[in-house]
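Following: one structure in structure tokens, then a few remarks.
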Amino acid sequence: MMYVIFLIAGVGFAAAAIAPRCVGWYHAALVQYETDCLVSNLRLLQQMTRTAIVFPSNEGIGDDYLSLGKPELDLEDNLHEYRIIRLGFSPEGVQQRQNLVIHHYPPQITVAARTKDTIDFGRDGSTLDITTIEVCYEGEQQKGKDVIIDIVGRIRVEEHHAK
């Protein structure tokens with residue numbers, strides 16, 4: 001009987017020691033997944049911008065034509081989502097927003113740009129500014145990831161170094 005009590009106590013101590021690591025691994029995996037999704041969507045946005053079909057001309061199209069701008073990434077961290085959108089104007093001059101991609105992420109994750117909340121690319125895949133987007137788990141900013149877009153359009157991921 002005494003051996004069973006020691007065995008149960010040993011298993012309990014082992015579980016108590018391992019549980020925080022498992023939670024940490026889960027948080028890291030969730031941050032990595034959301035970072036990978038963001039990078040994938042940024043590359044999709046970059047490719048959409050390079051492709052001429054997303055900039056249709058209005059030749060041969062009737063009066064109901066909706067003139068659309070180039071796509072851009074709109075970060076809305078308070079809604080826990082980001083979208084690839086295109087803004088356009090109807091013939092009446094009313095601004096309309098076309099959602100191309102909507103990605104929702106868990107409320108424990110923060111996705112925030114340090115410089116601006118809207119990211120767009122030029123026809124050649126470049127940007128006007130170096131942009132850094134932080135992806136962090138709530139309360140664990142030092143373990144987050146930085147997605148960095150430089151002015152020639154390279155997208156890279158680095159470990160986040162909280163200041």
Side-chain angles (χ1 to χ4, degrees), residues 19-58 61 65-163:
R21 284 190 182 178
C22 291
V23 169
W25 292 335
Y26 172 73
H27 292 177
L30 193 56
V31 167
Q32 185 63 50
Y33 173 77
E34 292 301 333
T35 302
D36 292 345
C37 285
L38 178 62
V39 168
S40 176
N41 282 317
L42 284 168
R43 290 191 174 130
L44 174 65
L45 171 65
Q46 192 175 39
Q47 192 60 36
M48 284 178 171
T49 306
R50 287 179 176 158
T51 307
I53 198 154
V54 299
F55 299 105
S57 68
N58 58 358
I61 298 177
Y65 173 72
L66 175 68
S67 63
L68 296 170
K70 66 181 179 177
E72 56 189 38
L73 185 86
D74 186 22
L75 293 169
E76 297 182 20
D77 194 44
N78 57 337
L79 299 176
H80 304 291
E81 69 183 22
Y82 55 84
R83 301 167 180 243
I84 297 178
I85 62 167
R86 284 195 299 179
L87 298 178
F89 292 93
S90 68
E92 297 82 32
V94 178
Q95 185 176 14
Q96 297 183 355
R97 178 177 168 155
Q98 182 183 27
N99 293 317
L100 303 173
V101 175
I102 302 173
H103 179 78
H104 299 276
Y105 49 88
Q108 301 89 352
I109 296 291
T110 301
V111 178
R114 289 188 196 154
T115 52
K116 56 186 178 176
D117 289 338
T118 302
I119 295 137
D120 59 348
F121 292 94
R123 288 284 218 147
D124 60 354
S126 64
T127 61
L128 296 176
D129 305 310
I130 296 174
T131 304
T132 301
I133 305 170
E134 300 172 352
V135 181
C136 300
Y137 195 88
E138 183 179 82
E140 298 178 2
Q141 281 72 19
Q142 70 278 7
K143 296 180 185 175
K145 303 276 185 184
D146 287 341
V147 177
I148 302 166
I149 309 163
D150 62 17
I151 58 174
V152 294
R154 288 182 295 238
I155 302 168
R156 68 181 193 275
V157 178
E158 294 182 357
E159 295 296 319
H160 179 66
H161 302 290
K163 285 151 179 85

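These numbers come from the heavy atoms of this one structure, side chains and all, not from hydrogens, waters or symmetry mates. Residue indices begin at 1 and follow the sequence shown.
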Main-chain N/O of [Y] paired with [X] side-chain donor or acceptor, under 3.5 Å:
{"X": "Tyr82", "Y": "Leu38", "result": "yes"}
{"X": "Thr35", "Y": "Val31", "result": "yes"}
{"X": "Thr110", "Y": "Glu138", "result": "no"}
{"X": "Lys145", "Y": "Gln32", "result": "no"}

Any chance you could measure [X], atom [atom1], to [Y], atom [atom2], to the nearest 0.5 Å?
{"X": "Ile151", "Y": "Thr131", "atom1": "CD1", "atom2": "OG1", "result": "10.5 Å"}
{"X": "Thr118", "Y": "Asp74", "atom1": "OG1", "atom2": "CG", "result": "4.5 Å"}
{"X": "Asp129", "Y": "Arg114", "atom1": "CG", "atom2": "CZ", "result": "14.5 Å"}
{"X": "Ile84", "Y": "Leu42", "atom1": "CD1", "atom2": "CG", "result": "7.5 Å"}
{"X": "Gln98", "Y": "Ile85", "atom1": "CD", "atom2": "CD1", "result": "10.0 Å"}

Under a 4.5 Å cut-off applied to non-hydrogen side-chain atoms, are [X] and [Y] in contact?
{"X": "Ile133", "Y": "Ile119", "value": "yes"}
{"X": "Met48", "Y": "Arg86", "value": "no"}
{"X": "Arg156", "Y": "Arg154", "value": "no"}
{"X": "Leu30", "Y": "Ile109", "value": "yes"}

Subject >> Stepwise side chain to side chain contact (heavy atoms under 4.5 Å, CB included) test for Gln46 and Ile149 >> reply: CA-CA 11 Å; Gln46 192 175 39; Ile149 309 163; 6.0 Å; no
Subject >> Side-chain donor-acceptor contact under 3.5 Å, Asp124 with Ser126 >> reply: yes
Original post:
If you measure only the distance, is there a donor-acceptor pair under 3.5 Å linking the side chains of Glu34 and His103?
Top reply: yes
I need the minimum non-hydrogen distance between [X] and [Y], along with the two atoms involved.
{"X": "Phe121", "Y": "Lys70", "answer": "O-NZ, 3.2 Å"}
{"X": "His160", "Y": "Cys136", "answer": "CD2-SG, 4.3 Å"}
{"X": "Arg43", "Y": "Ile155", "answer": "NH2-O, 3.3 Å"}
{"X": "Ala113", "Y": "Leu75", "answer": "CB-CD1, 3.6 Å"}
{"X": "Pro71", "Y": "Thr49", "answer": "CG-OG1, 3.8 Å"}
{"X": "Arg50", "Y": "Arg123", "answer": "CG-O, 3.5 Å"}

Subject >> Intermediate values then yes/no, side chain to side chain contact (heavy atoms under 4.5 Å, CB included), Thr132 and Glu158 >> reply: CA-CA 10 Å; Thr132 301; Glu158 294 182 357; over 6 Å; no
Original post:
Is it true that atom CG of Leu79 has more than 12 heavy atoms of other residues, nucleotides or ligands lying nearer than 6.0 Å?
Top reply: yes
